[in-house]
Amino acid sequence: MLEKIDYKKIFFYFEQISNVPRGSYHNEKISGYLAAFAKEHDLYCRVDGARNVIIKKSGRGSGAGKDAVMLQGHMDMVCVSKDGVHDFLNEGLPLRVDGDYIYSEGTTLGGDDGIALAYILAILDSDEYVHPPIEAVFTTDEEVGMCGASALDTSDLEAKMLINIDNEEEGVILVSCAGGISADVEFAGAHVEQKGSRIEVSVSGLAGGHSGTEIGKHPTNASIVLGRLLEAVYEKYPFLIVSFQGGSKDNVITDEASVKISCTRDAGELAEAIADEALKVRKELASEEPGLTIVVGEPDSGADTCFDQTLTETALAFLNLTITGVQAYSADVPGMVESSLNMGVAATTDSGMRMGFALRSQKESYKEYMLHKLRLTAEKAAGPGVSFTVQTRGDYPAWDYKKDSELRECMVEEFCNCFGRKPRVEGVHAGLECGVLSNKMPGLDIVSFGPQICDIHTVNERMSISSAKNNFDYLLKALERLAE
């Protein structure tokens with residue numbers, strides 16, 4: 001399908017890869033394909049227990065005696081189809097070309113990160129290019145927790161530099177990424193049966209977004225707003241919490257939340273007081289969150305199982321005391337968020353209430369500090385007879401900015417030479433395999449780049465043909481310079 005647009009074999013290999021099923025958790029076929037490629041080209045190859053594939057090629061031209069450079073990308077892709085019936089386990093992708101774009105009809109394209117595999121295979125396949133020794137590292141299951149990179153044995157890797165090809169925005173060179181950890185704060189306490197007036201309050205219409213890439217733009221959290229409204233009226237109009245639901249994922253900024261409360265007197269006045277507070281909040285956030293909607297329902301009567309007073313006060317205290325949003329900006333990369341945490345989930349449970357957090361930082365020490373503050377907040381919020389736990393999961397390391405980077409200097413200068421403009425040098429406030437690899441190989445000089453790919457992880461995903469060509473030439477020029 002792509003032979004008419006092929007360029008230095010990158011689209012040949014992209015099509016070959018696209019014909020091999022490679023969804024997350026199902027890397028066996030693509031891993032086997034890469035190992036077979038190495039055998040066919042008489043190259044060193046190692047496949048580990050996580051099906052990661054390492055292929056080595058000696059330097060060419062002036063690069064023969066230089067230090068090795070690692071080229072790295074991940075094998076797996078996010079599998080989504082428009083009709084839900086595409087057999088990703090057994091079928092390849094139906095590639096199509098439309099103008100300057102390659103796409104897959106009705107499915108995700110897997111440009112993330114198939115283009116990295118295609119670039120690297122095209123270099124390994126040719127003896128025409130001047131480059132240092134290449135250590136090609138193909139990892140598994142990046143999309144579901146960077147599992148392959150975490151399991152990778154690096155004992156036979158000697159590279160001092162790593163070029164990661166897993167960035168989907170042309171003209172952006174990534175030089176750091178956040179480490180992260182998820183934390184669940186849970187409170188457990190007594191419940192009571194109460195017959196009274198029930199009021200439902202909902203917050204919706206906030207911008208929300210990914211807690212890594214959007215936390216600096218849209219920090220307002222619906223659960224926090226709801227906690228603020230309730231705390232403002234609680235002392236004058238006491239009530240008990242019946243249920244609370246805000247958000248569904250730790251790493252998504254909560255854009256809507258709702259609560260049901262029960263009171264035994266002054267229900268109308270309570271509802272009116274909440275509405276008055278809501279008006280203040282809407283005015284305060286009118287420019288920042290123009291879509292904010294706060295609805296206070298009409299009171300109705302009924303019997304409910306509720307938090308008791310102490311558990312209700314604990315929940316309100318935590319919602320109002322907890323740290324959330326941006327905590328620090330980078331001093332090295334202007335405007336880049338360095339540290340943040342996001343309360344993506346706040347929900348009642350059978351025993352009390354659970355809050356799920358995503359913590360991110362370019363500094364491992366600050367990530368630990370935020371977790372410590374979270375524990376302290378939970379301890380201070382917990383009332384008499386209320387127990388709490390803070391459990392963590394999914395810890396992954398940061399890739400810190402390297403002030404003295406020969407590789408970054410090379411990539412920036414060669415970008416200017418190839419494209420006639422300066423690239424943006426940025427960090428990303430999210431996790432990348434670069435963080436895992438830098439932790440395994442301290443001192444590794446790393447950059448991440450890639451061609452333009454739009455709408456990744458959706459059925460509208462498409463990759464720019466011209467960008468893929470230009471960025472491959474850019475990579476060849478950078479390798480040639482590193483071979484000098």
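Being a predicted model, the structure only gives us computed values, none of them experimental. If you read the sequence from its start, that first residue is 1, and numbering goes on from there.
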*Decide yes or no on side chain to side chain contact (heavy atoms under 4.5 Å, CB included) for Met355 and Val345, but give the supporting numbers first.*
CA-CA 5 Å; Met355 277 66 72; Val345 177; over 6 Å; no
_Heavy-atom donor-acceptor pair, His86 side chain to Cys79 backbone, under 3.5 Å_ = no
*asked:* If we ignore hydrogens and angles and just use 3.5 Å, is the side chain of Glu461 paired with the main-chain N or O of Gly111 as donor and acceptor?
replied: yes
*Just how far is it from atom CG of Leu117 to atom CD1 of Ile165, taken to the nearest 0.5 Å?*
9.0 Å
*Side-chain donor or acceptor of Lys440 paired with backbone N/O of Leu152 under 3.5 Å*: yes
*No-hydrogen, no-angle side-chain donor-acceptor test under 3.5 Å, Thr108 and His457*: no
*How about Glu3 and Phe12: do any of their side-chain heavy atoms sit closer than 4.5 Å?*
no
_For a 4.5 angstrom cut-off between non-hydrogen side-chain atoms, does Thr322 reach Phe357?_
yes
*Is a salt bridge present between Lys82 and Glu105, judged by a nitrogen-to-oxygen distance below 4.0 Å?*
no
_CG-CG distance between Asn27 and Asp76, expressed to the nearest 0.5 angstrom_ = 5.5 Å
*How many angstroms lie between CG in Asp166 and OG in Ser448, if you round to the nearest 0.5 Å?*
6.0 Å
*Would you say Ser467's side chain and Ser464's backbone share a donor-acceptor pair under 3.5 angstrom?*
no
_Please evaluate residues Gln452 and Glu168 with respect to the criterion side-chain hydrogen bond (donor to acceptor under 3.5 Å, both in side chains), reporting the C-alpha separation (whole Å), side-chain torsions for both, the decisive distance (0.1 Å), and the verdict._
CA-CA 5 Å; Gln452 188 69 38; Glu168 293 79 38; over 6 Å; no
*Write down the atom of Arg481, the atom of Cys410, and the distance for their closest heavy-atom approach.*
CD-SG, 3.7 Å
*Going by an N to O cut-off under 4.0 Å, is there a salt bridge joining Lys477 and Glu484?*
no
*For a salt bridge (Lys or Arg N to Asp or Glu O under 4.0 Å) with Glu170, tell me which candidate from Lys469, Arg421, Arg424 qualifies.*
Arg421
_For a 4.5 angstrom cut-off between non-hydrogen side-chain atoms, does Glu288 reach Thr220?_
yes
*Going by distance alone, is a donor N or O of one side chain under 3.5 Å from an acceptor N or O of the other, for Glu433 and Thr139?*
yes
_Leu43 backbone acceptor or donor facing His41 side chain under 3.5 Å_ = no
*Presence of salt bridge, Arg360 and Glu338, under 4.0 angstrom*: no
*For the pair Ser31 (side chain) and Arg51 (backbone), establish whether a donor and an acceptor sit closer than 3.5 Å, ignoring hydrogens and angles.*
yes
*Is the backbone N or O of Leu2 less than 3.5 Å from a side-chain atom of Asp6, with the two atoms forming a donor-acceptor pair by type?*
no
_Here's a test for you: under side chain to side chain contact (heavy atoms under 4.5 Å, CB included), which of Asn164, Val447, Val428, Ile446 qualifies with Leu174?_
Val428
*Sidechain-backbone polar pair: Tyr119 side chain, Ala468 backbone, donor-acceptor under 3.5 Å*: yes
*Counting distance only, does the side-chain N/O of Ser81 pair as donor-acceptor with the main-chain N or O of Gly106 below 3.5 Å?*
no
*asked:* Please give me the minimum heavy-atom distance between Gly356 and Asp184, naming the atom from each residue.
replied: CA-OD1, 3.7 Å
*If you measure from CD1 on Ile215 to CD1 on Ile253, what distance do you get to the nearest 0.5 Å?*
4.0 Å
*asked:* Given 3.5 Å as the limit, does a donor-acceptor pair link the side chain of Glu256 with the main chain of Ser258, or not?
replied: no
*Below 6.0 angstrom between ring centroids: does that apply to Phe37 and Tyr13?*
yes
*More than 12 heavy atoms of other residues, nucleotides or ligands under 6.0 Å from CG of Asp42: is that the case?*
no
*Any side-chain donor paired with an acceptor under 3.5 Å for Arg60 and Ser58?*
yes
*Can you check whether Asn52 reaches Val47 side chain to side chain, under 4.5 Å on heavy atoms?*
no
_Working note: Lys4 + Glu15, criterion salt bridge (Lys or Arg N to Asp or Glu O under 4.0 Å); need CA distance, chi angles, decisive distance, verdict._
CA-CA 12 Å; Lys4 293 182 180 180; Glu15 186 163 21; over 6 Å; no
*Kindly check if the number of other-residue, nucleotide or ligand heavy atoms within 6.0 Å of CD (Glu406) is above 12?*
no
_SB check Asp445 Lys402 (cutoff 4.0 Å)_ = no
_Least distance between heavy atoms, Val252 atom then Asn342 atom_ = O-ND2, 3.1 Å
*asked:* Please confirm whether the ring centroid of Phe415 lies under 6.0 Å from the ring centroid of Phe449.
replied: no
*Can you establish whether the number of heavy atoms outside Asp350 located under 6.0 Å from its atom CG is more than 12?*
no
*Salt-bridge test for Arg393 and Asp250: reply yes if a basic N is under 4.0 Å from a carboxylate O, no otherwise.*
yes
*Report the distance from atom OG of Ser126 to atom NE2 of His131, rounding to the nearest 0.5 Å.*
7.5 Å
*Verify whether the ring centers belonging to Tyr366 and Tyr369 lie closer than 6.0 Å.*
yes
*Nearest heavy-atom pair of Leu109 and Leu93: which atoms, and what distance?*
O-CD1, 3.2 Å
_Least distance between heavy atoms, Ser24 atom then Glu143 atom_ = OG-CB, 3.5 Å
*Between Arg354 and Glu186, is there a side-chain N and carboxylate O pair less than 4.0 Å apart?*
no
*asked:* Using side chain to side chain contact (heavy atoms under 4.5 Å, CB included), reason through Ile30 and Val53 one step at a time and then give a plain yes or no.
replied: CA-CA 10 Å; Ile30 187 64; Val53 178; over 6 Å; no
_I need the Cys434 SG to Asn167 CG distance, nearest 0.5 Å._
9.5 Å
*Yes or no on side-chain hydrogen bond (donor to acceptor under 3.5 Å, both in side chains) for Ser155 and Asp153, after CA distance, side-chain angles and deciding distance?*
CA-CA 6 Å; Ser155 60; Asp153 177 4; 2.9 Å; yes
*Taking NZ, NE, NH1 and NH2 as the nitrogens, is one of them in Glu28 or Arg22 under 4.0 Å from a carboxylate oxygen of the other?*
no
*When you check the gap from the basic side-chain N to the acidic O, do Asp395 and Lys367 get nearer than 4.0 Å?*
yes
*Looking only at side chains, do Asn470 and Asp473 share a donor and an acceptor under 3.5 Å apart?*
no
*What is the minimum heavy-atom distance between Glu364 and Pro397, and which atoms define it?*
OE2-CA, 3.3 Å
*salt bridge (Lys or Arg N to Asp or Glu O under 4.0 Å), paired with Arg462, selected from Asp100, Asp455, Asp112*: Asp455
